[in-house]
Amino acid sequence: QVLVDNHVGKDGAEDGSLVDFRGNPVDKSRTGGWLAAGLILGTELSERVCVMGISMNLVTYLVGDLHLPSSKSANIVTNFMGTLNLLGLLGGFLADAKLGRYLTVAVFASIAAVGVTLLTLATSIRSMKPPECDPRKGGQCIEASGQQLALLYTALYTLALGGGGIKSNVSGFGSDQFDPSDPKENKSMIYFFNRFYFCISLGSLFAVTVLVYLQDNVGRGWGYGISAGTMVLGVAVLIGGTTLYRFKKPQGSPLTIIWRVLLLAWRKRNLSYPSDPGFLNEYHNAKVPHTHMLRCLDKAAIHDDCATANEDSKNPWIVSTVTKVEEVKMVLKLIPIWSTCILFWTVYSQMTTFTIEQATFMNRNVGNFAVPAGSFSVFLFISILLFTSINERVTVRIARRITHNSQGITSLQRVGIGLLLSIVGMVASALVEKRRREHAIHHNFNIRAFWLVPQFFIVGAGEAFAYVGQLEFFIREAPEGMKSMSTGLFLSTLSMGYFVSSLLVSLVQKATKGRWLKSNLNKGKLDLFYWMLAVLGVINFLIFIAFSMKHQYKVQNLSNLEDSAEELGNWKNLNLNNQENKLEAEEEEEA
């Protein structure tokens with residue numbers, strides 16, 4: 001019989017890293033679990049309503065109301081989204097180093113509320129927009145001036161700052177509410193990542209239907225005002241659940257640890273390796289098993305004569321420990337996979353920019369009702385919701401029975417499937433755009449905007465695999481004390497994807513002298529831009545396969561009773577079979 005102390009979290013009660021709101025060791029019967037995780041997800045839901053309600057329809061506002069060129073408008077959107085996700089690194093750093101995840105989420109959510117409030121003002125005040133005109137009727141439109149764009153940029157990047165701090169911490173804070181040493185909570189944590197993404201996709205679905213309709217037909221001020229109210233409500237819900245959470249104390253800046261290990265390894269690069277790894281500093285007390293990967297970093301843990309003579313062997317700036325060296329190795333091991341995840345988000349960014357612009361040149365009428373161009377992205381989120389549900393309820397369970405692995409599909413397999421679908425999505429986009437332009441030019445006929453559904457559906461399915469796979473990969477493979485920073489690293493793939501999109505748009509504009517990407521898509525060749533992304537996707541996928549085959553997954557902590565029981569062959573002694581059957585019954589009842 002196995003007994004799990006109610007006060008022992010995944011990091012144990014010894015170091016007191018998991019505590020309740022009073023700073024006492026957690027009581028699992030009163031804190032954490034799905035109720036606490038659900039309240040935390042409410043904040044991310046609010047953030048997603050704000051960000052997606054803005055980004056999915058912002059390009060139509062920039063082109064239609066502010067009269068900016070399509071390429072410049074697309075870059076404004078992708079730079080905003082890129083900055084938002086890049087600032088996730090800042091949020092992760094602050095949470096791990098000083099503030100903790102709860103306080104970081106609360107502070108940055110408040111900043112996001114201020115940002116969307118400023119955006120409401122920027123789009124509601126008439127003097128912030130140039131005179132109205134319709135460029136399709138041959139009129140000369142005046143672009144918005146720098147002064148008119150100033151408040152808009154201030155609002156967007158304030159929101160980006162707040163959103164980045166939320167994104168990098170909310171998933172890690174939510175996973176802190178489950179104890180991997182408890183078989184029931186461990187299984188709940190496995191499902192948490194899928195339900196996390198299902199929840200925020202639901203918020204995105206609301207944003208691109210209800211909010212986009214209000215923006216186009218009632219007023220931008222109303223649409224963004226509702227987003228501001230939602231963000232304020234999310235902050236209130238988060239703070240209201242304070243007594244229910246499990247808090248993880250910040251364990252110091254992970255960036256400092258990384259920098260210190262790299263610096264020491266460089267300083268000691270001329271030292272010889274010890275004859276036995278056991279001579280490395282605190283080898284026998286290491287919390288992470290020693291590996292031979294990136295052996296050059298082991299020199300940071302070598303005792304030199306100076307350190308021994310001065311009895312400074314415990315000074316981390318003179319000699320590191322094997323634990324810290326191995327944690328840095330874990331982070332560096334993520335970089336190759338990180339680099340191959342970027343292009344997926346470059347493809348995804350087209351769904352919020354040029355694909356929406358395509359819809360404005362197509363027949364969007366359903367009877368007498370004209371569907372807003374931004375609302376066609378609803379098919380993207382329907383696809384995400386559909387495939388997230390299928391993955392959790394069907395694919396994972398079937399794979400679990402076949403592979404006898406509690407994860408079912410590994411995180412890298414999910415990412416690979418997502419990358420493949422992104423390539424197919426760009427091929428579909430290119431074919432549809434060619435058909436659309438040919439009908440518009442040669443037949444003076446606008447095909448129906450529902451031809452865009454396949455590319456939304458395919459890329460959405462890819463995101464259901466890629467997002468969950470990447471999030472799970474970076475959180476599970478990261479050292480315990482660097483979870484927030486690793487989430488920020490994941491978000492930086494989104495950021496770099498958006499920035500790469502901006503870079504490619506600028507390069508294509510210069511290389512083709514503006515012939516591919518024009519404000520009037522009928523005079524451009526957007527399909528060739530899509531084909532270029534498809535070719536880049538194929539090359540990127542082959543590189544991803546090569547890196548994935550070499551990647552070795554981190555050995556999970558043996559506090560995971562289910563995994564350790566399987567490894568030690570003590571199924572009968574631990575009597576976990578009955579717990580498995582009980583958990584399966586609970587899952588079916590919950591479903």
Side-chain angles (χ1 to χ4, degrees), residues 55-64 67-75 77-78 134-138 208 212 216 346-383 421-462 501 504-505 508-509 512-537:
S55 63
M56 281 296 180
N57 204 33
L58 183 60
V59 70
T60 61
Y61 176 74
L62 297 173
V63 174
H67 312 144
L68 302 179
S70 289
S71 57
K72 182 177 180 180
S73 300
N75 282 354
V77 175
T78 52
D134 189 351
R136 297 185 187 181
K137 295 181 179 179
V208 300
V212 168
D216 284 356
T346 299
V347 169
Y348 177 83
S349 68
Q350 310 314 311
M351 300 297 105
T352 65
T353 53
F354 288 119
T355 302
I356 301 299
E357 190 67 8
Q358 280 179 274
T360 63
F361 285 83
M362 302 171 81
N363 180 4
R364 295 178 281 114
N365 292 326
V366 178
N368 295 324
F369 177 71
V371 180
S375 290
F376 277 91
S377 54
V378 68
F379 295 104
L380 178 72
F381 297 108
I382 288 176
S383 175
L421 290 172
S422 71
I423 297 169
V424 177
M426 284 297 95
V427 171
S429 300
L431 295 174
V432 170
E433 172 57 15
K434 184 178 180 180
R435 177 184 176 87
R436 185 206 64 76
R437 193 178 70 249
E438 287 178 349
H439 277 73
I441 295 175
H442 300 300
H443 305 289
N444 195 26
F445 172 73
N446 291 332
I447 65 173
R448 294 185 64 80
F450 289 97
W451 278 97
L452 298 174
V453 171
Q455 63 203 65
F456 277 124
F457 194 80
I458 295 169
V459 174
S501 177
L504 288 176
V505 168
V508 166
Q509 280 290 87
T512 65
K513 297 181 179 179
R515 289 192 297 268
W516 283 17
L517 306 175
K518 292 181 177 291
S519 295
N520 187 342
L521 297 184
N522 294 334
K523 297 179 180 179
K525 294 182 179 180
L526 180 60
D527 55 316
L528 297 182
F529 181 72
Y530 287 148
W531 279 116
M532 182 190 72
L533 288 176
V535 172
L536 291 176

Point to revise | Validation row: Y530, L528 side chains within 4.5 angstrom (heavy atoms) | key: no
Exercise for review: Report yes or no: do S501 and Q350 form a side-chain donor-acceptor pair below 3.5 Å?
Suggested key: yes
Review point. Is any side-chain heavy atom of F354 less than 4.5 Å from a side-chain heavy atom of V505?
Key: yes
Check your understanding: Would you call Q358 and E433 a side-chain contact if the rule is heavy atoms closer than 4.5 Å?
Key -> yes
Revision key, fill the gap. Looking only at heavy atoms, the pair that brings A373 and A359 closest together is CB-CB, 3.9 Å
Review point. Under 3.5 Å, side chain of R364 to main-chain N/O of V371, donor-acceptor pair present?
Key: yes
Review point. Is there a donor-acceptor pair closer than 3.5 Å between any side-chain N or O of S73 and the backbone N or O of P69?
Key: yes
Review point. Run the ring pair (Phe, Tyr, Trp, His ring centres under 6.0 Å) check on F381 and F456 step by step: do they pass?
Key: CA-CA 8 Å; F381 297 108; F456 277 124; 8.8 Å; no
Exercise for review: For the residue pair T60 and T360, establish whether any side-chain heavy-atom pair is separated by less than 4.5 Å.
Suggested key: yes
Check your understanding: Roughly how far, to the nearest 0.5 Å, is NE2 of H439 from CH2 of W451?
Key -> 8.0 Å
Practice item. Say whether, by atom type as modelled, one donor and one acceptor occur between the side chain of S349 and the main chain of T78 under 3.5 angstrom. Key: no
Review point. In Å and rounded to the nearest 0.5 Å, what is the NZ to CG distance from K434 to L526?
Key: 13.5 Å
Point to revise | N522 versus R436, side-chain donor and acceptor atoms under 3.5 Å | key: yes
Exercise for review: Provide the closest heavy-atom pair for S377 versus I356 in the form atom of the first, atom of the second, distance.
Suggested key: CB-CD1, 4.3 Å
Practice item. Start with the C-alpha gap between L504 and L536, add the side-chain angles, then the distance that decides, and say whether side chain to side chain contact (heavy atoms under 4.5 Å, CB included) holds. Key: CA-CA 11 Å; L504 288 176; L536 291 176; 4.2 Å; yes
Review point. R437 and L521: which non-hydrogen atoms are nearest, and at how many Å?
Key: CD-O, 3.9 Å
Review point. Counting N and O atoms only, with roles assigned by atom type, does the side chain of T353 sit under 3.5 Å from a partner on the main chain of A74, one being a donor and the other an acceptor?
Key: no
Review point. Under a 4.5 Å cut-off applied to non-hydrogen side-chain atoms, are L431 and W531 in contact?
Key: yes
Review point. Do F379 and F457 have side-chain heavy atoms sitting under 4.5 Å apart?
Key: no
Exercise for review: Nearest 0.5 Å please: distance from the CE atom of M426 over to the CD atom of Q455.
Suggested key: 6.5 Å
Review point. In Å and rounded to the nearest 0.5 Å, what is the CD1 to NE2 distance from I447 to H443?
Key: 11.0 Å
Check your understanding: Would a distance-only check, ignoring hydrogens and angles, find a side-chain to backbone donor-acceptor pair under 3.5 Å from S71 to L517?
Key -> no
Exercise for review: Measure the spacing between CG of L62 and NE2 of H67 and express it to the nearest 0.5 Å.
Suggested key: 11.0 Å
Revision key, fill the gap. CG (N365) and CZ (F369) are apart, to the nearest 0.5 Å, by 9.5 Å
Practice item. Give the minimum heavy-atom separation between T352 and V59, together with the two atoms involved. Key: O-CG1, 4.0 Å
Review point. What's the shortest heavy-atom distance between M351 and S429, and which atoms?
Key: CE-OG, 4.2 Å
Point to revise | Any side-chain heavy-atom pair of V378 and V212 under 4.5 Å | key: no
Exercise for review: For the residue pair T355 and L380, establish whether any side-chain heavy-atom pair is separated by less than 4.5 Å.
Suggested key: no
Check your understanding: Do you know which two heavy atoms are closest between N446 and F361, and how far apart they sit?
Key -> OD1-O, 3.4 Å
